[in-house]
Participant: 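A single structure is presented below for examination.
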Amino acid sequence: MPNTSNIKTRKTLDIIQPYSPGKPIWEVQKELGLDRVIKMASNENPLGPSPKAVRAIQESLADLNRYPDADASVLRQAIAEQYKVEKQQVITTNGADELITLISEAFLEQGDEIIVPSPSFSEYDFGAHIMGAVVKPVPFDEGFQYNIDKLIQAVTDKTKIVYICSPNNPTGTYISKGQMENLLAKLKDVLVVFDGAYSQFADEEDYTDGLEFVNAGHPVIVLQTFSKIYGIAGVRIGFGIASEEIIKSILKVKEPFNVNTLAQIAAAAAITDTEHVEASFNANIKGRDFLYNSFDKLGLTYTETTANFILVQVGSNGEDIYRQLMAQGIIVRYGKTWGLPEYIRVTIGTEEENDLFVTALTEILTPLA
Ligand SMILES: *Cc1c(COP(=O)(O)O)cnc(C)c1O
């Protein structure tokens, strides 16, 4: 009998956990036989994609026999103009997820260490693990606040990268400008990956999107995505901004055609769609305040968010509440993946979605009401 079981993978694959995405709508519909399913689990834009991006895609379909532009020249120029940097400081990738992998491939040797505030986005760990590098998690303080001293204390000779996700997924908390200055003042020859996937939602006065530190010459790379406020998660497009040297190193490990034509075209249109971005921002603030209010009424503790999702403490029967919401066709994220079994993370939805979610949650928590 032929068999494949003696084909050995690299050892480092043994510690890789499969990514657990939010369940897709069709799957829940099928599994539970439900017509109406709403997804508040992946921090997508509930208003839909940028209409400008959709139009741009429709107009470009006839050219799909051609390979994409390997340099994504038009898009990188558009990004450079929007963020007031040089085009050579921009790399575009198949989602910010790919950029995390490319950064890992470019900078991590086996045995190197990365520092990751915990809990945060799981792709940072994934990138380290595929390279045989070691993840040093540093827990957040009370209320999931950044503690810079603790991050600094975790640094060793082997530290190559410190990840800062701000606003942080899944907590919604952020690093202040002052904290970032403090961190950079104390690090030496360590790359800081500043993941700003949700930065367009943050409007706190002491918030930084990280760019000023790139511009000041620090070894910082800012990660960005078109999957969140721009609403085009389905075409997969993200980008990074850093010094030209850092970008050059990452380009060495990039596949030539990593960003497909539709993604390039859609993103170049979406970045100019200020109307859609503003509408999305405003809807998010309104939805956030409605949800805060509803959680207050239900006596639930939540972490104030600077993003488009809220981490809510629902109690020791968190998994049961998650399942009951699912049974009613409402997909949220259960906190156990982040070691937070008493929590759920809910993406702020449309007014209707937020209403349905609150109604369902209220019924679950107060069955006799
Ligand atoms: C969603 C997300 C990303 C990027 O996602 P892509 O769809 O791969 O661009 C990056 N970082 C965080 C923290 C996210 O939540």
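Every number for a ligand or one of its atoms is a count from 1 in the order of the listing. The basis for the numbers below is simple: all heavy atoms, side chains too, and nothing from hydrogens, waters or symmetry mates. One is the number of the first residue; the rest follow in order along the sequence.
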Participant: Please determine, by modelled atom types, if Asn147 and Asp141 share a side-chain donor-acceptor pair under 3.5 angstrom.
Facilitator: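 The answer is yes; a qualifying pair exists.
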Participant: May I ask you to identify the nearest protein heavy atom to atom 4 (C) of ligand 1, giving residue, atom name and distance to one decimal place in Å?
Facilitator: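 Result: Ala96 CB, 3.5 Å.
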Participant: Give the atoms of ligand 1, by number and element, whose distance to some non-hydrogen atom of Cys165 is under 4.0 Å.
Facilitator: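 Per the distance check, 13 (C).
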Participant: Could you tell me whether ligand 1 has any atom less than 4.0 Å away from a heavy atom of Arg236?
Facilitator: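 Checking ligand 1 against Arg236, which is what was asked, there is a heavy-atom contact under 4.0 Å.
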Participant: Considering only heavy atoms from C-beta outward, does the side chain of Phe140 approach that of Pro117 to under 4.5 Å?
Facilitator: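 They are in side-chain contact.
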Participant: With a 4.0 Å cut-off on heavy atoms, is Ala233 touching ligand 1?
Facilitator: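 False for this residue.
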Participant: Could you verify whether a donor N or O on one side chain and an acceptor N or O on the other, from Gln324 and Gln328, lie under 3.5 Å apart?
Facilitator: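 No donor-acceptor contact under 3.5 Å links the two side chains.
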Participant: Indicate yes or no: does an N/O atom of Asn94 lie under 3.5 Å from an N/O atom of ligand 1?
Facilitator: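 For ligand 1, there is no N or O atom that lies under 3.5 Å from one belonging to Asn94.
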Participant: Is there a chain of hydrophobic side chains (I, L, V, M, F, W, Y, each step under 4.5 Å between heavy atoms) that links Leu191 to Leu184?
Facilitator: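 No, no single cluster joins them.
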Participant: I'd like to check whether Asp97 has a polar contact with ligand 1, where a contact means an N/O of the residue lying under 3.5 Å from an N/O of the ligand.
Facilitator: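 Yes, Asp97 has an N/O under 3.5 Å of an N/O on ligand 1.
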Participant: Going by the rule salt bridge (Lys or Arg N to Asp or Glu O under 4.0 Å), which residues pair with Glu98 if we only count those two or more places apart in sequence or in a different chain?
Facilitator: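 Glu98 satisfies salt bridge (Lys or Arg N to Asp or Glu O under 4.0 Å) with no other residue.
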Participant: Is there a donor-acceptor contact under 3.5 Å linking the side chains of Asp273 and Ser50?
Facilitator: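 Their side chains do contain a donor-acceptor pair, which is all the 3.5 Å distance test asks for.
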Participant: Determine, using heavy atoms of Tyr198 and all atoms of ligand 1, whether some pair is separated by less than 4.0 Å.
Facilitator: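 Distance cut 4.0 Å: Tyr198 passes for ligand 1.
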Participant: Could you tell me, atom by atom, which parts of ligand 1 come under 4.0 Å of a heavy atom of Ser227?
Facilitator: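 Those atoms are 6 (P), 7 (O), 9 (O).
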Participant: I'd like to check whether Gly95 has a polar contact with ligand 1, where a contact means an N/O of the residue lying under 3.5 Å from an N/O of the ligand.
Facilitator: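 Checking ligand 1 against Gly95, no N or O pair falls under 3.5 Å apart.
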Participant: Answer yes if the side chains of Glu245 and Ser243 hold a donor-acceptor pair under 3.5 Å, and no otherwise.
Facilitator: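 The answer is yes; a qualifying pair exists.
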Participant: I want to confirm something. Looking only at heavy atoms, which of Asp195, Ile232, Thr225 is nearest to atom 10 (C) of ligand 1?
Facilitator: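 Nearest option to atom 10 (C) of ligand 1, by heavy atoms: Asp195.
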Participant: Could you see which bit of Ala197 sits under 4.0 Å from ligand 1, with heavy atoms only: side chain, backbone, both or neither?
Facilitator: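 The answer is the side chain of Ala197.
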Participant: Scan side-chain atoms only and decide if Thr93 and Asn258 contain a donor-acceptor pair under the 3.5 Å cut-off.
Facilitator: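 Asn258 and Thr93 do not have a side-chain donor-acceptor pair below 3.5 Å.
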Participant: Do any N/O atoms on Lys228 end up under 3.5 angstrom from N/O atoms on ligand 1?
Facilitator: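 The answer is yes, given that Lys228 and ligand 1 share an N or O pair closer than 3.5 Å.
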